[in-house]
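Letters go in sequence order (proteins before strands), and every chain restarts at 1. Note: hydrogens, waters and symmetry copies are ignored here, and every other heavy atom, side chains too, is used. In this text, all values refer to a predicted model and were calculated from it rather than measured experimentally.
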Amino acid sequence: MGAQRKVGTRVSEDQEDLARVPLQAILLADSFATKFRPITLERPKVLLPLVNGPMIDYTLAWLESAGVEEVFVFCCAHSKQVIDYLENSQWTSQPNFSVSTIESHNSVSAGDALRLIYERNVIHGDFVLITGDTVSNMSLTEALQEHKERRKKDNNAVMTMVITQSKPSPITHQSRLGTDELFMAIDPYTKQLLYYEDKADHLKGTISLDKILLVDNPSISLQNDRQDCYIDICSPEVLSLFTDNFDYQHLRRHFVKGLLVDDIMGYKIFTHEINSSYAARIDNFRSYDTISKDIIQRWTYPLVPDVKCFGNCTTKLDRQGMYRALEIGQSRSAQIGPFTVIGNGTNIGNDTKISNSVIGEGCTIGSNVSIEGSYVWNNVTVEDGCKLRHAIVCDGVIMKSGAILNPGVVLSFNVVIGQHFVVPAYSKVSLLQQPIKQDSDEELEYADQSSGVADIPSITSTSDQLNGELISKLSERRSWAASEVGTGGVGYIWSVCEGGHEEEWRHSVAPIPADKLAEVMQTTDDELELSAQDGNVLPPSGELKHDFDSEDDDNEDSRDESVYFEKEVEATFLRAVNESVKEDHIILEVNSLRLSSNMTSTDCAGALFYSVMKLALETAHSSTSELLMNAASLITTWQKLLKYYLPSVDEEIEVILKFEEMCSEFAKEFSPLFAQILHLLYDKDILQEEAILAWAAEKEGADESDKVFVKQSEQFIHVSIYVHFLFHNIFSDSMQSCMWSFASSMLTS
Amino acid sequence: MDFQVVVLAGGTSKNLVPLVSQEVPKALLPVANRPVLSYVLELLELSNLKDLIVVVEGQDAALRVGGWISGAYVDRLHVEVAAVPEDVGTADALRAIAHHLTANNILVVSGDLVCDVPPGAVAAAHRRHDAVVTAMLCSAPVSGPSESGPAGGKDKTKKPGRYNIIGLDPTKQFLLYIATGAEVEKDIRVQKSILRAVGQMEMRADLMDAHLYAFKRSVLQEVLDQKSTFQSLKQDVLPYLVRSQLRSEVLLNGTPQAEDNGNEKVASQNSQVVLSRLVANASTPSFHELYALGSNGSAPVRRTHKCCAYIASKTKYCVRLNSIQAFSDINRDVIGEASHLSGYSFSAHNNIIHPSAELGLKTTVGPHCMLGEGSQMGDKCSVKRSVIGRHCRIGSNVKVVNSVVMNHVTIGDGCSIQGSVICSNVQLQERVVLKDCQVGAGFVITAGCVYKGESLARK
């Protein structure tokens with residue numbers, strides 16, 4: 001089947017260009033995530049067994065069958081293990097399939113990896129970009145063909161994403177693979193991706209699409225029932241894009257969103273939907289469980305235990321989806337249920353029940369053991385009477401008799417569980433202590449297995465050694481507290497960090513318990529109620545317009561208009577300042593603005609004053625006194641302009657109100673200076689005493705909170721203005737100035 | 001018939017000044033020499049919807065409209081004309097006539113609709129799904145109505161995105177989102193809960209709300225009663241119903257109501273729902289029902305209601321007369337490409353010249369033209385793609401292109417009229433040149449005047 005496809009691609013390629021580029025693939029053998037901790041502290045994720053074969057084998061087998069000829073495996077965390085594995089595997093000796101590794105020690109994200117690959121200059125044409133934990137049996141021919149045809153028409157179509165149908169659970173809002181629900185907007189005709197949101201904000205009841213999208217495309221398909229397969233067909237530009245945008249880290253969150261938002265370069269991403277073939281990526285424990293079941297149930301054919309030609313070809317398929325290796329020791333009384341895989345060399349004791357589980361190679365399972373929905377890897381010893389429900393048990397684990405694993409438990413390598421110990425649900429047990437929690441989540445996202453566990457190799461290399469040795473070695477170092485994993489147990493129970501225990505159930509191997517579902521359903525209902533309420537406030541019902549026969553009226557909000565006007569005036573003013581335009585010209589410009597926006601001169605005065613004060617605020621200053629200086633000099637410079645728009649008291653009051661609004665809203669820095677600036681404005685004859693008094697009088701009846709600034713200026717109002725007012729009328733000018741200085745000294749004292 | 005029809009005929013719309021006046025309310029504006037309201041009434045009559053309430057803004061206008069209807073449809077339709085105060089919203093108009101509404105379902109039609117989509121089909125879709133509201137959508141003109149013919153001077157140019165933004169489910173039967181393009185500031189905000197329930201939503205910007213809605217009466221009245229701030233059906237009531245469809249606050253008396261409707265297809269029992277679906281020819285349950293059933297598929301846990309959409313086929317004609325531009329366009333279309341709407345039989349020259357009309361020597365009336373009863377034209381005139389009303393007197397050497405001339409208009413010799421609308425009783429003296437103008441009723445233009453893109457009316 002792979003051969004047929006290869007022929008297909010070759011023919012099409014021959015038609016278009018003579019210099020044939022072999023189809024290349026970049027396989028990232030590092031997930032740059034921490035979801036499989038603590039297991040991935042000791043072994044890279046791509047080498048973890050998936051139905052008794054390393055994940056990377058599934059990915060490579062698919063790439064080979066899909067006609068890829070050259071694969072670059074990018075290794076970062078535990079790179080040595082990955083390289084060693086590949087060197088000793090069959091993959092390096094395949095005829096038309098070359099696998100080469102690229103090693104890096106300091107890459108913390110997919111972005112870094114692609115930048116490094118770009119520097120190596122090994123990619124010459126379109127390539128397939130996947131991670132080493134992808135399981136698929138899709139044919140690439142069609143997707144490649146589509147990609148190439150689009151490229152011929154439009155050089156900006158740099159990527160084709162493979163998506164498949166999968167409706168997320170309406171209750172938990174996550175897909176069956178345990179990933180967050182995905183919202184996409186796709187052009188139904190061109191299949192161009194227009195919107196991508198995977199880390200959905202659950203609190204927000206709506207998704208926001210840019211209106212521009214609908215101007216360009218008459219129709220958009222919004223999809224919630226699709227799943228990203230994380231298989232991308234990329235053009236070489238993708239690598240250079242990562243190099244150009246050195247801040248791109250995550251393939252989806254940064255790269256895809258970056259391209260979608262940034263329309264300057266005009267790069268486009270398209271989607272290719274597969275319907276009948278399988279493609280999925282193991283992202284977390286839940287997808288590990290789901291994909292394992294899919295493999296056992298043969299959705300991934302030919303990548304199923306009895307067909308795939310890697311590792312042991314000796315597995316046989318029995319009735320009811322039971323896969324058994326040839327050499328297993330099984331007691332007659334053991335009951336092995338449906339959809340179970342038993343690996344080579346495993347012994348199973350009397351009256352043991354196993355169903356829906358995968359048992360690895362060389363395991364010893366005692367009597368009266370019950371294993372349900374669990375993944376037991378290689379060389380595990382399960383003593384009599386143990387119970388395992390929906391757990392992952394890594395290599396070399398010993399479960400002493402009577403130990404019980406509750407759903408969602410993960411036992412990392414070589415852990416020993418004491419007798420009759422009950423491991424609480426969703427707990428993770430490892431020989432390694434939990435690394436100290438990093439400060440920011442973001443860092444944790446990228447800081448991978450490579451960091452903080454540099455001293456692991458000693459342990460990982462011993463993973464094949466006998467458990468006893470290890471235990472003795474470790475117990476020398478530290479005596480294990482019986483409370484952790486029971487008497488005689490070895491290991492630390494990791495405390496739950498990220499997300500808290502609340503979220504553990506979402507991504508664990510165990511099915512979601514019914515009570516959780518009910519709980520979540522309750523909250524979604526509440527959310528819905530909230531969003532419905534939001535909806536009532538949000539929509540345009542505020543602009544209650546009757547469309548009986550006047551629906552074509554412009555329904556622009558007057559408030560928006562005034563904001564717009566203010567911005568325009570500010571821009572005019574700033575231009576005047578920067579280019580030293582004459583005041584008369586500014587007046588002309590502002591007047592024309594006023595006429596075009598249908599504003600009053602009061603609005604002009606307010607807006608101009610606002611612009612002046614904003615400029616003062618934006619001019620560099622270190623203290624409030626400096627700010628006052630700035631403001632004073634600006635007001636002096638533009639006093640004529642300000643005065644022009646203040647023909648009467650009304651405008652002046654507007655200016656004071658505007659200033660008050662500024663002080664209390666965004667320019668809080670001005671608030672301590674309120675009285676001083678008021679004083680200044682008064683001094684410069686910009687404001688008259690009548691205006692200030694009228695403003696104070698107006699505020700008399702206001703709320704206490706509104707009177708902050710009146711109070712602040714009270715002294716000034718009472719002393720200076722009354723004095724001034726009186727003297728202005730009664731005494732001569734000389735006396736006035738004398739009294740004025742007296743008043744000022746009173747004020748400043 | 002369990003449908004009652006409400007025709008919202010408007011009053012004297014400000015958008016249509018100077019075409020409308022106290023004497024000629026919007027509903028009576030002539031389209032191919034027939035009041036525009038007649039198109040709706042005849043469309044309804046074709047669907048056998050004969051029980052109508054015509055709501056008119058303003059007492060005077062109501063009298064005039066009523067007078068015309070009783071004259072024209074006396075033995076054909078059962079029409080009640082109700083007057084509401086001027087400038088009330090559509091919702092208020094319905095509130096005002098609420099006591100007249102008795103049928104289970106109400107069909108609300110805008111009186112300025114000129115279309116050939118059978119309302120019966122909308123009503124059928126409404127009943128099939130037992131929806132609370134069904135809106136008729138038609139494809140919006142590709143580049144706005146001003147694609148051909150010069151734009152009227154006063155008319156606002158249609159910006160892109162002025163039409164509705166509509167979200168539909170994959171089967172294109174249910175309405176999931178609606179907003180007017182002009183209202184959406186920048187972002188289109190789609191409720192995730194609806195998207196989750198339906199899985200896939202198609203957002204369309206190329207559809208237009210035709211202002212023809214079927215409502216379930218109980219729901220409509222409940223919403224109108226409870227939401228007293230709602231003024232417009234299109235901007236308030238319909239978006240509200242669409243928004244709350246998965247969390248219905250209406251129909252609190254629920255399923256019994258549905259049964260009262262005499263709609264046997266919807267029943268409270270699950271088994272019956274399945275049966276009804278077979279009858280309704282829908283193979284899968286609608287997302288509303290699935291959502292309502294919750295996860296365990298037992299008794300409905302959530303209250304939902306359905307908002308449906310009826311999408312008229314692209315070949316159908318559907319335009320609203322809500323601007324001067326639309327007025328010119330509709331007049332041109334009705335005697336042109338959508339001539340089946342006019343109800344006239346066209347001559348061999350693809351035009352309609354009333355037998356009583358008189359044409360002078362060497363006068364040509366081109367195809368897609370109409371010349372009303374008793375109109376006279378002098379010599380060497382030329383009429384192209386225009387409608388000329390009744391009893392007009394047109395001198396010699398007059399050119400009328402792409403224009404509408406209403407009744408009793410006098411046009412002097414040597415006039416040239418292009419892309420203009422000339423209302424009744426207007427007098428154009430000699431050698432007047434009009435291009436893209438509107439001339440209000442009774443206006444007199446003195447000889448030799450040249451106007452371009454102006455709106456002329458008596459003060």
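- Note: A:Phe183 CZ to B:Met201 CE = 9.5 Å, rounded to the nearest 0.5 Å.
- In this structure, CG in A:Asp225 is found 5.0 Å from CD in B:Gln200, a value given to the nearest 0.5 Å.
- For A:Asn356, the side chain to side chain contact (heavy atoms under 4.5 Å, CB included) partners are A:Phe339, not counting sequence neighbours.
- Take B:Val24 and apply the side chain to side chain contact (heavy atoms under 4.5 Å, CB included) test, not counting sequence neighbours, and it matches B:Ser21, B:Leu28, B:Leu29.
- Note that CG of B:Leu168 is 11.5 Å distant from CG of A:Leu222, once rounded to the nearest 0.5 Å.
- For the options A:Gln165, A:Arg226, A:Gln223, heavy-atom pairs under 4.5 Å to chain B are most numerous at A:Gln223.
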